[in-house]
Amino acid sequence: MTRNSWSSWPSPEALGRNGLSRPRRLLAWVVRGLVLGILLWGAFTSSHEHGWAVAAGIGVVIVAAGLAWLLYRTTLQHRLVPSLVSLALLQGVGVVAQASGFRTLGLVLWCGCAVAGLERLPLRVGVPAAGVALALYGVINNDNHLTTVVTCVGLGLAGYTLRLDAEARGNAQRLLAQERAARAAEAESAALGERARIAREIHDVLAHSLSAQLVHLEAARLLIERGADRQQILDRVVAARGMARDGLDETRQALSALRGEMTPLEDFLGQLVGVTAGAEVTITGERRQLPAEASQAVRRVAQEALTNVRKHAPGAKVRVRLDYGAHQVTLDVKDFGGSPGELAGAGGGYGLLGMRERAELLGGSLRAEPDEEGFVVTLKVPV
């Protein structure tokens, strides 16, 4: 939303002192004290009043200081009516001071009111308020007209310059706060993304391992129900045990991958194909290091595809091809020549569904469908 500088207040960050460093604050207070001391000294030494009149002058200074503090607080809170009342009372105190013989003190108060009005109030009310204060200054000041005009213009420019400086400081504070909030949100998002990645990796490892074990345990159950011989049943149980051991190794590999300690993708596929009878792997294209997410997607899809081959088409030949393209990496896992396994109807196909979701998160795609010779799984991931 566009901000109307004529009718809008200066921001709370601009009116406050939060953006000022400690040395700058200390310097500002020292300068204010010196200027106020010099002006007050000049005000009282130029006056011919003595005794109670001097005490009254000190009282006027105390009242003016209280009203100045009130003006600071009300403008900081963007309370228009109390701010205008405080400014009007300050100007009235200046009139009282001038009428009591403290002419210099009155001039100082009117100059301060003009600068404060332009610096801290909306311009639509700050300009008229500053105009009244400068008019009082021009009427009472006994300098020549040119000097008075130059002084009034200088005070107006000083007040507006202070306003611009304060607004710049306030904008810098807001931008800094927004940047900090953005960094915090980015860090939180990164943490959530990392948690999701860890959960996905652990889920994929467990799903693959447990699914493979289920294949052999279910086969063992069917063999027992059919009264198969002991050696056949034992072979299935031993295979399930081997799958459990492989699952533990995969878990260790996943944890290593999360720490950035992954083995080369080509070596991984070679090891994976080496434990699958009738499988071969082909690597094409210029080999290169893939991003961690893309590499993990290829590994998990290869594992899931080979597990499905053992489950649905035992004894089938498998061809695994990894192609490094210019802008994407493609994995093809194709089986042919197998026969439907005893566990072909087991499972709900959630493994490939999870792989498809993983590929889509990376901006890629996964196709899993039968062809003329068997079943083909194709993963494409941009890199």
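Residues L107 and L90 do not share a hydrophobic cluster, defined by chaining ILVMFWY side chains whose heavy atoms lie under 4.5 Å apart. The hydrophobic clustering, which links ILVMFWY residues whose side-chain heavy atoms are closer than 4.5 Å, places V383 and F268 together. Cluster annotation: L118 is connected to L164 through the hydrophobic network of ILVMFWY side chains, with a link wherever side-chain heavy atoms come within less than 4.5 Å. Cluster annotation: Y137 and L157 are assigned to distinct hydrophobic clusters (Ile/Leu/Val/Met/Phe/Trp/Tyr, side-chain heavy-atom contacts under 4.5 Å, transitive). Residues L89 and L136 fall into different hydrophobic clusters, defined by Ile, Leu, Val, Met, Phe, Trp and Tyr side chains chained together at heavy-atom separations under 4.5 Å.
Remark: E167 does not engage R163 in a salt bridge, criterion side-chain N to carboxylate O under 4.0 Å. A salt bridge is absent between R288 and E286; no separation between the charged side-chain nitrogens and carboxylate oxygens falls under 4.0 Å.
Going from atom CD of Q303 over to atom CZ of R300 covers 4.5 Å, rounded to the nearest 0.5 Å. Of the inter-residue distances, the one linking I233 atom CD1 with L222 atom CG reads 10.5 Å to the nearest 0.5 angstrom. Between L290 atom CG and L322 atom CG the span is 7.5 Å, to the nearest 0.5 Å. One distance of note links OH of Y160 with CG of D165; it measures 13.0 Å at 0.5 Å rounding. In this structure, OG1 on T74 lies 10.0 Å from CG on L67, to the nearest 0.5 angstrom. Note that the CG atom of D229 and the CG atom of L223 stand 8.5 Å from one another [nearest 0.5 Å].
Looking at every heavy atom in both residues, P382 comes nearest to L362 through CG-O, 3.4 Å. Residue P10 comes nearest to P122 through the heavy atom pair CD-N, 4.5 Å, listed as atom of the first residue, atom of the second, then distance. Nearest heavy-atom pair across L155 and C111 is CD1-SG, 3.4 Å. Listed here is the closest heavy atom pair of R236 and A220: CB-CB, 3.7 Å. A116 approaches L71 most closely through the heavy-atom pair CB-CD2, 4.0 Å. In plain terms, the two heavy atoms of V377 and F375 that are nearest each other are CG2-CE2, 3.9 Å.
Looking only at side-chain heavy atoms (C-beta outward), L87 and L121 come within less than 4.5 Å of each other. Two residues are said to be in side-chain contact when any heavy atoms from C-beta on lie closer than 4.5 Å; Q328 and D323 fail this criterion. Between R299 and L265 the shortest side-chain heavy-atom distance falls below 4.5 Å. Proximity of L306 to V318: side-chain heavy atoms (C-beta onward) are separated by under 4.5 Å at one or more points. Between L331 and V381, the closest side-chain pair of non-hydrogen atoms is not below 4.5 Å. Side chains of V301 and V333 form no contact here, defined as non-hydrogen atoms less than 4.5 Å apart. Considering only heavy atoms from C-beta on, R367 comes within 4.5 Å of V376 through its side chain.
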Practice item. Let me see the working for V132 and W110 under side chain to side chain contact (heavy atoms under 4.5 Å, CB included), right down to the final yes or no. Key: CA-CA 9 Å; V132 172; W110 292 327; over 6 Å; no
Point to revise | Verdict with supporting geometry, R221 and E218, salt bridge (Lys or Arg N to Asp or Glu O under 4.0 Å) | key: CA-CA 5 Å; R221 184 186 66 82; E218 185 68 12; 2.4 Å; yes
Check your understanding: What's the verdict on salt bridge (Lys or Arg N to Asp or Glu O under 4.0 Å) for R183 and E179, showing C-alpha distance, side-chain angles and the deciding distance?
Key -> CA-CA 6 Å; R183 288 182 178 178; E179 183 179 358; 2.6 Å; yes
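Side chain to side chain, Q271 and D267 fail the donor-acceptor criterion of an N or O pair below 3.5 Å.
Under the 3.5 Å distance criterion, the side-chain polar atoms of R287 are left unmatched by any main-chain donor or acceptor of Y324. Between the side chain of S83 and the backbone N or O of R79 there is at least one donor-acceptor pair closer than 3.5 Å. Counting only distance, with no hydrogens or angles, the side chain of H78 and the backbone of S11 share no donor-acceptor pair below 3.5 Å.
Crowding of E225 atom CD: a count of heavy atoms from other residues, nucleotides or ligands under 6.0 Å exceeding 12. Counting non-hydrogen atoms of neighbouring residues, nucleotides and ligands closer than 6.0 angstrom, the CZ atom of R321 exceeds 12 such neighbours.
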